[in-house]
Number of protein chains: 2
Amino acid sequence: MSEALRVAVLGCGAVGSQVVRLLTEQSDDLAARVGAPVELVGVGVRRLDAPRDVEVPDGLLTDDVAGLVARDDVDLVVEVIGGIEPARSLILSALDNGASVVTANKALLAEDGPTLFEAAEKAERDLYYEAAVAGAIPILRPLRESLAGDKVTRVLGIVNGTTNFILDKMDSSGAGFSEALEEAQELGYAEADPTADVEGFDAAAKAAILASLAFHSRVTAADVHREGISDVTAADVASARDMGSVVKLLAICELRGDQVAARVHPAMIPRSHPLASVREAYNAVFVESEAAGQLMFYGPGAGGAPTASAVLGDLVTVARNRLAGTRGAGESAYADRAVQPMGETRTRYHVAIDVDDRAGVLAAVANAFADHDVSIQTVRQEGRGADAQLVVVSHAAPDAALAATVEQLRNMDIVRDVTSVMRVEGGDE
Amino acid sequence: MSEALRVAVLGCGAVGSQVVRLLTEQSDDLAARVGAPVELVGVGVRRLDAPRDVEVPDGLLTDDVAGLVARDDVDLVVEVIGGIEPARSLILSALDNGASVVTANKALLAEDGPTLFEAAEKAERDLYYEAAVAGAIPILRPLRESLAGDKVTRVLGIVNGTTNFILDKMDSSGAGFSEALEEAQELGYAEADPTADVEGFDAAAKAAILASLAFHSRVTAADVHREGISDVTAADVASARDMGSVVKLLAICELRGDQVAARVHPAMIPRSHPLASVREAYNAVFVESEAAGQLMFYGPGAGGAPTASAVLGDLVTVARNRLAGTRGAGESAYADRAVQPMGETRTRYHVAIDVDDRAGVLAAVANAFADHDVSIQTVRQEGRGADAQLVVVSHAAPDAALAATVEQLRNMDIVRDVTSVMRVEGGDE
């Protein structure tokens, strides 16, 4: 067997402690898989005396993280600190010092991925990050390798467990957003400040990573149109149920000609769609490609142990590459695709409108859609008199045309209120 | 860019013609992914004049397949002929001549995988076979690489589209087996001689491959306990529905201590289980591991284009390895695990029994279970008088004990008939 591969782990929180545990407990199995012993040589932390879920072997814990990364006897660096700095500087320093890197840092990859990829390319080292999207679900490797001979056209993902838990709760219990959020917080599925999750920032970072990988392009979080779920009402969820659908926060990445469209927003999907049955805090990513057709990858999207599993999978691959003196398929072969503005992106809308119940109402509403060249797929009329409601589902049209249609509806005399506006995905256009 | 990698394709049927099409149409993309041009240098077929779905470039078609494999200028051989011979000899010859091999041949891998793996090891060449299990669904690569630092404990798969179509039809329409099979044949989902599918031979081959990979062991089709679906009745399906379950043909691979259990049989699973919503001819593989938890992979399990997508994914990886002068994680690092006999494998049974409606019947039936140390989870009594029926679901017990219990029930005076016996999976034990 070859000489040992030396690993430094940066961060020892929920994920890091599980990585250290697996590295220690599974060392025989890891050595068999890699073809050489894998030796933990240091664990970098901010505070030496913080409580931890794992017993770090004597002498390995250090708060000189920069010094650990600068050591010339480290082959592999695992970064599970998270956030932009000091994670970015540490990764760049590790690559510069000749180490290969495994990271779970979605925020950093979504904000500044190209800088990291270029540094890895220049250093001729691996940079793997399976754990950055959808936790333990192997999705990046299938996109990067299994589908390398195919052409991915669309990725639809439920990539945030907190929002899926909240929307699932609203669907199953009829609860409103605030009530469901409160329950999620009590159960530990949502943080005290839930902004990053419920406003879609976390999902947008993952959408950027997925779009970059699926379409061999460079998409950052700033390119992703983002809407959260805090405006989703019990009425929206009930309206979805009435048409056999369910509301999910989706990360949607599409190849449209030479352009890439990437967006995060709540949407209604039919209950027969494979993503509709993703319950509680689970994640799933649905992929459409030209030859393979429709694939779905499902599993826990977060949590220390699942995320550590993904980190260890990367570690084994990177270690094997290192032993063989080679590298995996990097991010260098990419096309510089423009990002399609949201207004031009084709979407479908579900619109519920409280109207006066009098002759000509339906025609007037239909005209508002026609004024913006939006074709209607179905109209359903519910109730009579003061409770009359029209529910319209459009065919696909530019998002700006749909938004303008809704604006026009709001200003019409016969329209008392537009009670629900939501995009529709996962069906026929 | 490096010099071209030279590829020979053996077989030009449903899968082969799609591989040839993708190799030709996507050659620019492939070259970018691989880092070198990928050149098709020959397509080996049995009959030169057979009709084909693809136009093979001039001069490449040959019926001297052995000669094509023996050429010393071929880097990669794609075997999509299927069956045991001549596929095995051709693959061994290709490896012996220094080519790397990609194959979709599940029957051969399940019957004689170890011979192929050893030949690849000896020749120091790659042997990849993602397309052999569940068509386009990337499942072997995640098991082999993404979960390499984790410990897989269980794999539950719907890996045969024909039987899933038939069972789904029986569930949705109430049809019997013969009627559903006939519809599957009319729609092209089942062959004129459906034995390999409906009797579970195809699923058993895939179970052998999955068990080998998931548990780093050597399991062949002969090690897999196999029962098909031809005895599944409309009454079984209705009985499953009554308890909120659905009948699926499952390939089940489990790590039990140091032993491996691998079996294929119809089973009832709860409708809330992710596998329950796999409809029509789709496939899905559900994986449980210690750290990652529960993962599922879903997609089309067959078809020329989806299978070709998986072949091309392998081809890109193998080509990249070849360029780098290295190999992927092979099958050499394995533990020699014994296969647990079916009688010792712990399963759960659902048993429906027509009984005389008189005092003491339930106690007598309960005693039959107790006689074999089988613990009962639930008993449901239905009907009265001549229609009285008991439905018993057991806790997990050795399969032999459950079989003996059913045998004893059949011989009891108060039992008029045992109308449904089926294993139960996917719930609590």
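Taking 4.5 Å as the heavy-atom cut-off, the residues of residues 272-288 of chain A that approach chain B are A:Pro274, A:Ser277, A:Tyr282, ordered by number.
Here the closest heavy-atom approach between residue A:Gly11 and residue A:Val43 is recorded as O-CG1, 4.5 Å. Nearest heavy atoms, A:Ala292 versus B:Pro300: O-CG, 2.9 Å.
Looking at heavy atoms from C-beta onward, A:Val102 lies out of side-chain contact with A:Thr317 at the 4.5 angstrom threshold. With a 4.5 Å cut-off on side-chain heavy atoms, A:Leu210 and A:Val159 count as touching.
Between chain B and the options A:Gly293, A:Gly303, A:Ala305, A:Gly304, the largest number of non-hydrogen pairs under 4.5 Å is found for A:Ala305. Top candidate by heavy-atom pairs under 4.5 Å with chain B, chosen from A:Gly135, A:Ala136, A:Pro142, A:Pro138, is A:Pro138.
Heavy-atom distances place both the backbone and the side chain of A:Gln294 under 4.5 Å from chain B. If you measure heavy-atom distances from A:Leu22 to chain B, the contacts under 4.5 Å come from the side chain alone.
Remark: B:Asp150 engages A:Ser309, B:Ser289 in a side chain to side chain donor-acceptor pair (under 3.5 Å) (not counting sequence neighbours).
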- Task: Before giving the answer on side-chain contact (heavy atoms from CB on, under 4.5 Å), spell out for A:Leu295 and A:Leu147 the whole-Å C-alpha distance, their side-chain angles and the decisive distance to 0.1 Å.
- Result: CA-CA 11 Å; A:Leu295 302 173; A:Leu147 292 167; 4.1 Å; yes

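Geometrically, B:Arg141 does not engage A:Phe297 in a cation-pi contact defined by less than 6.0 Å to the ring centre and at most 45° from the axis.
Put simply, OH on A:Tyr129 and CG on A:Asp314 are 10.0 Å apart, with the number rounded to the nearest 0.5 Å.
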